[in-house]
Amino acid sequence: MTNKQIIDVLYEISELLELKNENKFKIRAYQKLAQFLSGYDKELDGIYKEKGKKGLMEIPNVGEGIAKKIAELIDTGKLKYLEDLKSGMPEGIENFLKIPGMGPKTAVTIAEKFKIKTVAELEKLLKEHKLKDMKGFGEKTEEKLLKGIDLYKKGQSRKLLGEAYPVAMGIVEDLKKNKHVEKISVAGSLRRMEETIGDIDILVVAKDAKSVMDDFCSMKIVKDIIAKGETKSSINTIFDMQADLRVVAKESYGAAMQYFTGNKTHNVLTRELAVKKGYKLNEYGLYKGGKLLAGEKEEDIYAELGLQYIPPELRTGGDEIEEAKKNNIPVLVEPGDIMGDLHVHTENSDGIDSIEKIADEAKKHGYKYMAITDHSVSLSVARGLDKSRLLKQIEAIDRINKRQKDFFILKGSEVDILDDGSLDYPDDVLKELDIVIGSVHRKFKMTKEEMTQRILKAMDNKYLNIIGHISGRMINEREAYEVDYEKVFDRAARTNTAIEINAQPVRLDLRDIYVREAVRMGARLAINTDAHRTEQFQYMFYGIGTARRGWAKKEDVINTLPLKDIIKWIKMKRT
DNA sequence: GCCGTTTTCGGCCCGACTGTTTTCAGTCG
């Protein structure tokens with residue numbers, strides 16, 4: 001049983017309890033744990049099989065009640081408690097909760113009164129105005145729910161970080177034109193650099209809030225206005241993403257940033273900490289009695305709570321607050337630390353730009369080096385290079401390198417890791433290269449054990465320096481194949497092989513929770529864009545965000561090294 | 001249902017906006 005399956009069950013229970021109008025703290029207990037587990041890098045299945053129920057109870061937010069349920073789930077694949085909850089419910093009612101604007105109260109009332117099970121039936125009722133006579137139910141509510149059903153039908157899957165960020169930046173640029181805007185920033189999951197984004201949160205400091213609200217609600221990309229108030233507005237955009245704007249006074253900017261950046265659990269934890277100290281924390285400031293202790297700067301809020309500053313990417317409601325108490329938050333890797341990109345494709349395989357153009361672009365990004373890593377011979381769909389084409393490319397790169405100072409192109413390849421773990425070029429070809437990435441591109445459906453052995457064997461090749469996009473996942477498109485990460489990281493640390501954080505928005509692979517595990521185990525990372533055109537160099541930003549979410553420091557990442565040190569590092573494995 | 005420099009019971013974060021409410025419930029983040 002995977003963590004994800006358990007997390008889904010926990011959420012399902014919390015939804016059903018909500019529908020039953022159960023104690024809200026009980027509901028929160030399930031949600032809290034579900035959220036905690038989504039950032040947890042250990043497999044519950046393994047913990048239970050090794051240490052039993054007791055082991056489960058060592059996990060934060062797991063007590064006796066839930067430990068018992070998880071144990072039953074792992075043992076039998078089923079949970080009686082959940083089935084009982086479901087059996088007392090109108091069938092299909094959980095779907096109603098997925099409609100924006102529809103909460104548990106409305107869902108239960110409607111389902112019970114009209115005996116309907118599907119969203120289609122609900123839509124029909126709404127269109128026939130059958131619900132209008134219900135208490136507290138007017139025309140506007142009817143309209144709101146119909147809009148909600150439209151959104152539901154589109155399947156509001158979360159957008160990729162790389163899709164949402166440019167939209168958010170567009171909004172920021174638009175709003176900056178308003179002369180009342182003193183400060184503006186993205187917040188929420190975007191600022192936390194989550195791999196997928198539900199909606200765009202933007203925070204503004206302005207004296208004339210109304211004028212900013214007006215501008216926000218009349219932007220070209222506005223599809224419809226969900227809410228418009230004095231300090232808060234929400235819109236739907238033509239990109240099928242919701243955007244929320246908050247306007248606060250200057251003295252509350254830090255408090256508001258703190259409040260709108262943390263995920264729900266992080267915020268609850270910080271506010272609980274405030275209460276324990278006899279303070280109150282809200283989006284306007286940290287207060288003791290009526291007195292404002294901190295508000296303008298985010299840093300001050302954490303300091304007054306007795307915490308080290310917690311970077312946005314770490315505010316996930318995991319153990320970051322405990323670590324901040326102990327001053328254990330590391331200095332995380334930053335964009336300025338990156339010295340070069342080690343995974344780039346050219347027109348010679350499935351990229352579109354020439355080596356020269358790519359090199360020029362890399363220099364513009366302030367890089368000191370880069371690696372050209374086209375595909376290897378087996379990957380014919382990507383026009384992988386055979387030996388003679390690869391040797392020709394090597395010569396070409398040598399010629400270009402002779403012409404330039406202060407920038408160096410490493411001759412590389414993204415070599416296929418074949419089914420048996422051998423590499424797609426023989427060693428006498430590999431040794432002509434400066435750097436080698438090994439990637440799995442085919443035969444994803446192996447068992448976990450087989451896939452792990454395949455990758456371990458590849459790492460034992462002394463010419464292999466980096467494992468590329470290790471899980472093969474494509475967010476919202478393709479599931480990751482299973483790998484035993486602990487074994488891979490251990491081997492990586494011992495063989496001087498780096499694990500890639502592939503910065504393509506659809507990949508972000510190695511993902512955040514495993515980055516942290518890799519760092520703990522002493523494996524090095526390489527943050528690469530896997531660019532197939534020069535515009536994709538900007539993806540580096542997303543890769544760094546993922547690294548930061550995994551608590552990675554500059555020294556954990558090989559492409560923060562100066563050229564001579566990275567060459568030294570590669571040679572270490574070859575000798 | 002979890003949790004404890006307020007330990008085994010009694011707490012458990014805080015506020016904005018909307019619709020239809022004549023004082024507030026429901027939803028959302």
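Keep in mind it's a predicted model, so treat the numbers as computed, not measured.
- Looking at heavy-atom distances under 4.0 Å, L269(A) makes no contact with the nucleic acid at all.
- Taking only side-chain atoms of P104(A), from C-beta outward, the nucleotide of dT27(B), dG1(B), dA16(B) with the closest atom is dT27(B).
- As a whole-Å value, the separation of H266(A) NE2 from dC14(B) C1' is 15 Å.
- At the heavy-atom level, K228(A) lies under 4.0 Å from the strands shown only through sugar-phosphate atoms.
- Interatomic distance, F489(A) CZ to Y514(A) OH, rounded to the nearest 0.5 Å: 8.5 Å.
- Separating the P atom of dT20(B) from that of dA16(B) is a span of 22 Å, rounded to the nearest Å.
- Nucleic acid contact for F137(A): sugar-phosphate only, since backbone atoms but no base atoms lie under 4.0 Å from a heavy atom of the residue.
- Judged as a side-chain hydrogen bond (donor to acceptor under 3.5 Å, both in side chains), the pairs with a partner in residues 166-176 of chain A (not counting sequence neighbours) are, in order, D174(A)-K177(A).
- The aromatic ring centres of Y165(A) and F541(A) sit less than 6.0 Å apart.
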Measure all distances between protein nitrogen or oxygen atoms and nitrogen or oxygen atoms of nucleotides 23-25 of chain B, and list the pairs falling under 3.5 Å.
none

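- In this structure, CD1 of I27(A) is placed 14 Å from C1' of dG26(B), rounded to the nearest angstrom.
- Taking atom CD1 on I13(A) and atom C1' on dG1(B), their separation rounds to 11 Å, with Å as the unit.
- Rounded to whole Å, the separation between the C1' atoms of dG10(B) and dT6(B) comes to 11 Å.
- With rounding to whole Å, I226(A) atom CD1 is found 14 Å from dA16(B) atom C1'.
- When both distances must be under 3.5 Å, the Watson-Crick or G-U wobble mate of dC14(B) is dG29(B).
- Taking a 4.0 Å limit (strictly below) on heavy-atom distances, residues 289-312 of chain A does not reach DNA chain B anywhere.
- Nucleic acid contact for T270(A): none, since no nucleic acid atom lies under 4.0 Å from a heavy atom of the residue.
- The main-chain N or O of K26(A) is found under 3.5 Å from a side-chain atom of N23(A) such that the two form a donor-acceptor pair.
- Nearest-nucleotide mapping onto DNA chain B: of N267(A) and K144(A), the residue sitting toward the 5' end is N267(A).
- L145(A) places its CG atom 16 Å from the P atom of dT18(B), with the value rounded to the nearest Å.
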For residues 206-215 of chain A, run the donor-acceptor check on the side chains, cut-off 3.5 Å, and write out each pair with its distance to 0.1 Å, sequence neighbours left out.
unit_1, atom_1, unit_2, atom_2, d
D208(A), OD1, K210(A), N, 3.4
D208(A), OD1, S211(A), N, 3.3
K210(A), NZ, D214(A), OD2, 2.9
S211(A), OG, N178(A), ND2, 2.8
S211(A), OG, H180(A), ND1, 3.2
D214(A), OD1, K228(A), NZ, 2.7
D215(A), OD2, N178(A), ND2, 2.9

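- Annotation: dT22(B) and dC17(B) have their P atoms spaced 22 Å apart (nearest Å).
- Counting heavy atoms from C-beta on, the side chains of I226(A) and I235(A) never come closer than 4.5 Å.
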N/O donor-acceptor pairs under 3.5 Å from side chains in residues 116-126 of chain A, not counting sequence neighbours:
unit_1, atom_1, unit_2, atom_2, d
T118(A), OG1, E121(A), N, 3.1
T118(A), OG1, E121(A), OE1, 3.1
E121(A), OE1, K117(A), N, 2.8
E121(A), OE1, T118(A), N, 2.9
E123(A), OE1, K153(A), NZ, 3.1
E123(A), OE2, K127(A), NZ, 3.2
E123(A), OE2, K153(A), NZ, 3.1

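- With both ends at atom C1', the span from dA25(B) to dT21(B) equals 8 Å, rounded to whole Å.
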Review item, side-chain donor-acceptor pairs of residues 8-20 of chain A, under 3.5 Å, at least two apart:
unit_1, atom_1, unit_2, atom_2, d
D8(A), OD2, K4(A), NZ, 3.2
E12(A), OE2, K86(A), NZ, 3.4
S14(A), OG, Y11(A), O, 2.9

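- At a threshold of 4.0 angstrom between heavy atoms, the contacts of K32(A) with the nucleic acid are absent.
- D319(A) and R516(A) are joined by a salt bridge, as a carboxylate oxygen and a charged side-chain nitrogen come within less than 4.0 angstrom of each other.
- Using a 4.0 Å cut-off on heavy atoms, the residues of residues 54-62 of chain A that approach DNA chain B are P60(A), N61(A), V62(A), listed by number.
- A distance of about 35 Å separates the P atoms of dG11(B) and dT18(B), rounded to the whole Å.
- Each of Y81(A) and L97(A) has a nearest nucleotide on DNA chain B; the 5'-most of these lies closest to Y81(A).
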Atom pairs and distances, donor-acceptor, side-chain atoms in residues 50-64 of chain A, under 3.5 Å, two or more places apart:
unit_1, atom_1, unit_2, atom_2, d
K51(A), NZ, E58(A), OE1, 3.2

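- Of the residues in residues 203-219 of chain A, none lies under 4.0 Å from DNA chain B by heavy-atom distance.
- For E322(A) and K325(A), the salt-bridge test passes: some basic side-chain N is under 4.0 Å from an acidic carboxylate O.
- Of the residues in residues 63-80 of chain A, those with a non-hydrogen atom less than 4.0 angstrom from any atom of DNA chain B are G63(A), E64(A), G65(A), I66(A), K69(A).
- With T2(A) contributing its side chain and Q5(A) its backbone, the two residues share a donor-acceptor pair below 3.5 Å.
- Here the options are R507(A), R473(A), R549(A), the test is side-chain hydrogen bond (donor to acceptor under 3.5 Å, both in side chains), and the partner is E195(A); only R473(A) passes.
- For residues 18-68 of chain A, the set of pairs meeting the ring pair (Phe, Tyr, Trp, His ring centres under 6.0 Å) definition, not counting sequence neighbours, comprises F36(A)-Y40(A).
- Proximity of Y539(A) to N502(A): side-chain heavy atoms (C-beta onward) are nowhere separated by under 4.5 Å.
- Heavy atoms of Q31(A) sit nowhere under 4.0 angstrom from any nucleic acid atom.
- Atom CD1 of I171(A) sits about 14.0 Å away from atom NZ of K220(A), to the nearest 0.5 Å.
- Dense packing is recorded around NZ of K223(A), with more than 12 heavy atoms of other residues, nucleotides or ligands lying under 6.0 Å away.
- Remark: C1' of dA16(B) and CG of D201(A) are 14 Å apart, rounded to the nearest angstrom.
- With rounding to whole Å, Q242(A) atom CD is found 10 Å from dC28(B) atom P.
- With a 6.0 Å cutoff to the six-membered ring centre and a 45° limit on the axis angle, K288(A) does not count as a cation-pi contact of Y279(A).
- A distance-only check finds no donor-acceptor pair linking the side chain of S252(A) to the backbone of A256(A) [under 3.5 Å].
- At distances below 3.5 Å, not a single donor-acceptor pair connects side-chain atoms of D84(A) with backbone N or O atoms of Y81(A).
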Between protein and nucleotides 5-12 of chain B, what N or O pairs are separated by less than 3.5 Å?
unit_1, atom_1, unit_2, atom_2, d
dC12(B), O3', E272(A), OE2, 3.4

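- The nearest pair of heavy atoms linking D509(A) to G472(A) is OD2-N, 3.0 Å.
- Taking atom CG of residue N263(A) and atom P of nucleotide dC28(B), one finds them 18 Å apart after rounding to whole Å.
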